[in-house]
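Here's the structure we're looking at; comments come further down.
Quick note: residue numbers are just sequence positions, from 1. Start at 1 and go down the list; that is how both ligands and their atoms are numbered. For the numbers below, each heavy atom of this structure counts, side chains included, while hydrogens, waters and symmetry mates do not.
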Amino acid sequence: MELDRCMKERRSIRKYKDKAVSKEDVMKILDAATAAPNAGNLQNWRFVVVDEETKKVDISKACSNQNWISTASTIIVVCSDIRDLKRHFGEDGEEYSSQNCSAAVQNMLLTSHELGLGTCWIGGFDKEKITGILKIPDKEYLKIEAVISLGYSDEDGEVPEKYDMRRIVYFNEWSTIR
Ligand SMILES: Cc1cc2nc3c(=O)[nH]c(=O)nc-3n(C[C@H](O)[C@H](O)[C@H](O)COP(=O)(O)O)c2cc1C
């Protein structure tokens, strides 16, 4: 699929068919994640792939009771080990952790769309609850950056309103004119 079409067609999907995503597709999506640019090539991202029903229900509860999440075939919890980033970049390492993982997430969403799969990037989650559900060691250098739901879409997805370019793009200097 052409990149421009893939970017513009992708929508957040919050209703999924009762059909499993193959492990092969999940691995393609994870491979795309690792192709993302990342500070110092330190690859701080870690991925927990969840397909157990009870865990999916628990995760959806830990995501502010967004119950639709549990209908996804697979949930990918994007985590980060920030030790190398902190060592190399000091305090900036924490910020780079999120930026690296966000780039990885976008790669995953676009690759999923190309594979005919629906996704939603979920940022509303209770870190402690997810840590407990996934048995993530309770270490200050391990972060949870994002949750992604993945499955065969059972909806068109809402087309969001986009701001006019004049509101968000400035040339050469900041502009407050709208
Ligand atoms: C950092 C981040 C956090 C988000 N958290 C949630 C969430 O918790 N629940 C949800 O339904 N959608 C969530 N979304 C999806 C956005 O609502 C969605 O991307 C936005 O409305 C634009 O729609 P589109 O993805 O279809 O283009 C999140 C997206 C991002 C980037």
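For atom 10 (C) of ligand 1, the choice among Arg10, Gln66, Met7 with the nearest heavy atom turns out to be Gln66.
There is a side-chain donor-acceptor pair under 3.5 Å between Tyr16 and Ser149. Checked by atom type, the side-chain pair Asp81/Asn44 shows no donor-acceptor distance below 3.5 Å. Inspection of the Thr34 and Gln43 side chains reveals no N or O donor paired with an N or O acceptor under 3.5 Å.
Other residues, nucleotides and ligands contribute more than 12 heavy atoms inside 6.0 Å of the CE atom of Met1.
Atoms of ligand 1 found under 4.0 Å from any heavy atom of Arg11 (numbered from 1 in listed order, with element): 24 (P), 26 (O), 27 (O). Heavy-atom proximity to Gly124, at under 4.0 Å, picks out these atoms of ligand 1: 8 (O). Close contacts of ligand 1 with Gly123, meaning ligand atoms under 4.0 Å from a residue heavy atom, involve 3 (C), 4 (C), 5 (N), 6 (C), 7 (C), 8 (O). Close contacts between ligand 1 and Pro160 involve ligand atoms 23 (O), 27 (O) [criterion: under 4.0 Å to a heavy atom]. Counting the atoms of ligand 1 from 1 in the order shown, those under 4.0 Å from a heavy atom of Cys120 are 10 (C), 11 (O), 12 (N). For ligand 1, the atoms lying closer than 4.0 Å to a non-hydrogen atom of Trp68 are 11 (O).
Between Arg167 and Asp164, no side-chain nitrogen of the basic residue sits less than 4.0 Å from a carboxylate oxygen of the acidic one, so the salt-bridge criterion is not met. Checked for salt-bridge contact, Lys86 and Glu94 meet the test: a charged N lies under 4.0 Å from a carboxylate O.
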Derivation and outcome, side-chain contact (heavy atoms from CB on, under 4.5 Å), residues Ile144 and Val78 | CA-CA 6 Å; Ile144 301 170; Val78 182; over 6 Å; no
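Nearest non-hydrogen protein atom to atom 29 (C) of ligand 1 is Trp121 O, 3.6 Å. Looking from atom 17 (O) of ligand 1 to the surrounding protein, the closest heavy atom is Arg14 NH2, 3.2 Å. Looking only at heavy atoms of the protein, atom 26 (O) of ligand 1 is closest to Ser12 N, 2.8 Å.
Of the polar atoms of Ile122, none of the N or O atoms is found under 3.5 Å from an N or O of ligand 1, judged by distance alone.
Here the CD1 atom belonging to Ile133 is positioned 9.0 Å from the CD1 atom belonging to Ile75, to the nearest 0.5 angstrom.
Protein heavy atoms are found less than 4.0 angstrom from atom 2 (C) of ligand 1.
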